[in-house]
Number of protein chains: 4
Amino acid sequence: MKLPRPETETLSRSQKRRRDDIVQAALKIFDRDGFEAAKMTDIAREAEVAKGTLYLYFDTKIELLEAVILTEIMPTLQKMGEVAQSKTGSATDLLARQMRIAARRMASNEMASLLRHMVSGSSQHRRIIKLYYDNVVQSGIEHIKATLDYGVETGEFRQNIKDIDPLVLVGAHIYTAVWKILFADLEELDIEKLVDDHLELVLGGLLAYRQQDPTA
Amino acid sequence: MKLPRPETETLSRSQKRRRDDIVQAALKIFDRDGFEAAKMTDIAREAEVAKGTLYLYFDTKIELLEAVILTEIMPTLQKMGEVAQSKTGSATDLLARQMRIAARRMASNEMASLLRHMVSGSSQHRRIIKLYYDNVVQSGIEHIKATLDYGVETGEFRQNIKDIDPLVLVGAHIYTAVWKILFADLEELDIEKLVDDHLELVLGGLLAYRQQDPTA
Amino acid sequence: MKLPRPETETLSRSQKRRRDDIVQAALKIFDRDGFEAAKMTDIAREAEVAKGTLYLYFDTKIELLEAVILTEIMPTLQKMGEVAQSKTGSATDLLARQMRIAARRMASNEMASLLRHMVSGSSQHRRIIKLYYDNVVQSGIEHIKATLDYGVETGEFRQNIKDIDPLVLVGAHIYTAVWKILFADLEELDIEKLVDDHLELVLGGLLAYRQQDPTA
Amino acid sequence: MKLPRPETETLSRSQKRRRDDIVQAALKIFDRDGFEAAKMTDIAREAEVAKGTLYLYFDTKIELLEAVILTEIMPTLQKMGEVAQSKTGSATDLLARQMRIAARRMASNEMASLLRHMVSGSSQHRRIIKLYYDNVVQSGIEHIKATLDYGVETGEFRQNIKDIDPLVLVGAHIYTAVWKILFADLEELDIEKLVDDHLELVLGGLLAYRQQDPTA
DNA sequence: GATGAATGAGGGTTCATTCAT
DNA sequence: GATGAATGAACCCTCATTCAT
């Protein structure tokens with residue numbers, strides 16, 4: 001005889017604010033203590049509501065985590081791929097912009113949070129992970145692939161680049177998120193320099209002399 | 001009246017075996033359930049000892065985690081840098097070997113475990129993280145740097161490569177560990193292909209035509 | 001600053017209807033879930049009023065139970081005794097009619113409810129139980145006693161029947177209520193047959209031959 | 001990864017005592033407060049164990065109730081039917097003894113408890129109710145039926161008694177249990193007198209003169 | 001040393017009741 | 001008066017840790 005919670009869309013303005021406050025508070029406490037160690041009591045106090053109020057908006061702690069991820073973190077990631085597909089300028093330019101966007105996203109606090117929660121929760125969050133995989137990872141890879149193809153078409157990139165898994169280009173930036181979680185207080189990363197270095201490397205290669213492109 | 005646990009060095013042979021069994025069991029259970037969700041009871045059962053026995057060897061659950069990381073995971077990582085410093089063959093060869101070792105390590109189950117535990121544990125595991133940073137990350141970077149320098153010396157690598165942060169070369173492989181944790185069941189990674197692709201890319205670069213090395 | 005609820009008598013017509021709706025709803029939910037498990041929310045929904053409205057009419061959940069019992073169940077029981085005191089016809093007829101009324105009442109849903117609530121509610125419902133005892137049990141017994149006496153007077157019943165506790169005649173039917181609560185889904189009772197059997201037995205007795213009534 | 005509780009049979013002597021203590025305590029608290037209102041904390045305190053210890057022996061509160069019923073109450077009821085089947089003496093004697101046993105059982109504290117718990121829990125305890133129905137009710141009825149048949153055979157009882165549902169003989173006594181629960185403090189029952197009255201009534205009937213048995 | 005029964009603080013969740021609108 | 005969102009005390013159950021045997 002459990003009444004379903006009202007849909008998010010049907011909430012009044014003040015209820016939306018209230019819901020937002022809770023999600024914000026949860027984000028903060030989850031980040032401070034980790035999901036498991038986070039106490040509903042603390043979240044309630046942080047949101048300045050009673051503990052019971054949390055349950056007016058979210059049925060369980062884990063649903064609150066899902067809300068945190070879906071409403072706070074995912075949206076900022078959705079944009080990632082979209083931004084850089086304008087196809088104006090050279091493929092090199094395009095790639096550079098995409099890489100910068102990816103790298104900055106990865107280095108953001110939100111990404112660190114998301115990663116932490118997905119990694120920590122393991123088996124519980126399949127749904128979230130699947131969501132992320134489908135929406136962010138896959139599309140990110142495709143956007144990169146499109147740019148690579150484009151570069152080959154225009155003659156900017158080497159022909160055989162086509163055989164390369166684009167994952168090596170985007171995936172590379174994950175380490176910045178990991179770094180942020182683990183080593184942030186030991187050594188700060190200079191993201192901009194790292195991206196530049198990565199681009200420089202990836203575009204020009206390490207080798208001083210290179211055998212002629214076989215397609216040339 | 002709490003007696004201090006005997007130092008690890010003073011354990012008898014059979015005690016060492018017992019301690020090892022416990023650590024092995026803990027590794028297994030931590031990996032299966034995650035650190036927070038792992039129950040001491042399950043670890044005891046897995047190790048085929050009584051629950052109380054765990055506490056003869058480790059004061060708390062978190063100390064057991066530290067032991068798991070220190071005795072099971074770190075050593076396999078320590079080797080990483082050392083292996084590839086023989087300086088036999090070309091710098092390209094050397095780098096290729098180092099990258100392969102790094103990539104395989106990152107893709108190993110142990111690395112996935114380590115990463116999961118370090119990432120999950122919020123502020124608790126500073127000690128472990130520091131340890132890892134000092135022993136693995138730093139030295140890994142230095143080993144790569146050494147190889148890069150060597151390649152520049154021999155003329156294999158471009159001069160200006162010296163300015164590049166070596167982190168972009170090793171860090172890149174962290175995504176394989178993350179991938180393993182998150183997406184293993186959604187899509188399998190072909191590590192060897194990825195390493196080859198990465199090497200190909202990093203060595204040759206993307207560009208079809210490259211301006212001559214200014215130092216040449 | 002708690003205002004006392006207005007007395008039942010001072011309620012407007014529409015308020016009375018509202019109050020009745022609530023009591024009806026409560027009866028339904030109490031029966032479906034039991035008193036403890038019944039939720040005020042469910043009662044409010046069933047009555048199609050807001051939860052707060054319940055508290056305009058009843059201070060606590062337990063007072064609502066009392067109202068359910070007093071306004072819904074007790075009245076139907078009050079009639080029991082009254083019906084059969086018209087003293088028309090033989091004592092046997094009279095007794096038969098009383099027994100039938102008692103048995104049917106006991107087998108009614110209302111009685112099952114009442115019994116359930118009184119039995120379940122531990123020490124809380126002393127007031128209700130006392131009420132029931134005084135109004136129903138005692139008067140029921142007296143009505144039966146009157147009929148027995150009447151039968152002895154008319155010579156229909158044996159003299160020594162006077163010494164028998166009338167409780168054995170009415171009480172007997174309680175089992176139908178209990179049965180209804182417990183075993184209704186295991187085996188249905190044929191109330192009419194049972195009453196007939198009981199009457200047959202009680203009137204004629206089991207013995208094939210009976211020693212002559214000593215008073216005869 | 002939940003270890004099943006050890007079977008009751010494999011418990012050590014002191015564990016059995018401990019288990020018994022808990023069941024006893026639960027019986028007491030359940031009776032004092034009713035099942036729903038009973039607090040595990042109170043049961044633990046009553047049993048002089050820690051709250052957690054309860055859960056070493058019983059997985060949930062409801063399992064504890066089942067244990068209370070199965071180990072404390074049912075056994076005393078099981079005997080009911082068995083006792084009176086020796087078939088020594090007249091059918092009248094036999095019936096009298098059976099009725100006395102039934103009546104005393106019904107008036108016992110255990111029966112009051114059992115009834116309360118079965119009635120209160122309603123839908124939850126189908127298993128227990130079914131158990132009780134099969135083991136006690138059904139067999140009780142059959143034992144009575146056997147005696148009735150026996151009495152007809154020996155010529156003690158009237159032929160047409162065979163058509164009577166034996167339930168009216170045993171069921172009749174349920175009211176003593178109900179009475180005990182509800183009215184014990186308002187008026188004490190004299191069980192022995194009630195049984196005698198009931199027997200007298202049932203054997204001899206109410207009627208002063210009876211038409212001759214048609215089968216005679 | 002080894003055992004595992006016992007402990008009890010702690011946390012997620014429920015729901016009768018309140019009160020601002 | 002009516003509403004229903006908000007409250008927070010209460011309670012079942014978990015599990016890391018202890019300690020008597």
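By convention in this document, chain letters (A, B, ...) are assigned in the order of the sequence lines, proteins followed by strands, and residues within each chain are numbered from 1. Atom set for the values below is all heavy atoms of this structure, side chains included, hydrogens, waters and symmetry mates excluded.
- Scanning for salt bridge (Lys or Arg N to Asp or Glu O under 4.0 Å) contacts around B/Arg17 gives an empty result, with sequence neighbours left out.
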Dot-bracket for DNA chain E, please. Rules: Watson-Crick or G-U, both distances under 3.5 Å, ( ) within the strand, [ ] when a pair crosses earlier ones, | for another strand, . otherwise. .||||||||||||||||||||

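- When the salt bridge (Lys or Arg N to Asp or Glu O under 4.0 Å) test is applied to C/Lys61, no partner is found at least two apart in sequence or on another chain.
- Here B/Ala38 lies in heavy-atom contact (under 4.0 Å) with sugar-phosphate atoms only.
- Looking at D/Phe30 and D/Arg116, their side chains never come closer than 4.5 Å, going by heavy atoms from C-beta outward.
- To the nearest angstrom, P of F/dA6 lies 12 Å from CZ of A/Phe58.
- Atom C1' of nucleotide E/dC15 and atom CG of C/Leu64 are separated by 15 Å, given to the nearest angstrom.
- Between B/Tyr57 and E/dA2 there is a side-chain polar atom (N or O) within less than 4.0 angstrom of OP1 or OP2.
- With a 4.5 Å cut-off on side-chain heavy atoms, B/Val23 and B/Tyr57 do not count as touching.
- Of the residues in residues 46-53 of chain A, those placing a heavy atom less than 4.0 Å from an atom of DNA chain F are A/Val49, A/Ala50, A/Lys51, A/Gly52, A/Thr53, in numerical order.
- The 5' end of DNA chain E is approached more closely, in terms of each residue's nearest nucleotide, by A/Lys61 than by the other of A/Lys61 and C/Lys61.
- Partners of C/Lys51 by salt bridge (Lys or Arg N to Asp or Glu O under 4.0 Å), not counting sequence neighbours: none found.
- A salt bridge does not link C/Asp21 to C/Arg18: none of the charged nitrogens lies less than 4.0 Å from a carboxylate oxygen.
- Here the P atom of nucleotide E/dG11 and the OH atom of A/Tyr55 are 12 Å apart, to the nearest Å.
- Checking C/Val68, C/Ile62, C/Leu64 one by one against C/Phe35, the side-chain contact (heavy atoms from CB on, under 4.5 Å) holds for a single residue, C/Ile62.
- Atom CE in D/Met40 sits about 15 Å away from atom C1' in F/dA10, given to the nearest Å.
- Atoms CG and CG, on B/Leu115 and A/Leu115 in that order, are 7.5 Å from each other to the nearest 0.5 Å.
- For the pair D/Ile62 CD1 and F/dC11 P, the interatomic distance rounds to 17 Å; values are reported in whole Å.
- A/Ile43 places its CD1 atom 11 Å from the P atom of E/dT13, with the value rounded to the nearest Å.
- Between the CG atom of D/Asp42 and the C1' atom of F/dA10 there is a distance of 12 Å, given to the nearest Å.
- Contact check, C/Arg45 against F/dG4: no side-chain N or O comes under 4.0 Å of OP1 or OP2.
- Between F/dA6 and A/Arg18, a contact under 4.0 Å exists linking OP1 or OP2 to a side-chain N or O.
- Shown here are the salt bridge (Lys or Arg N to Asp or Glu O under 4.0 Å) partners of C/Asp31, two or more places apart in sequence or in another chain: there are none.
- A straight line from CG of C/Leu56 to P of E/dT18 spans 12 Å, rounded to a whole angstrom.
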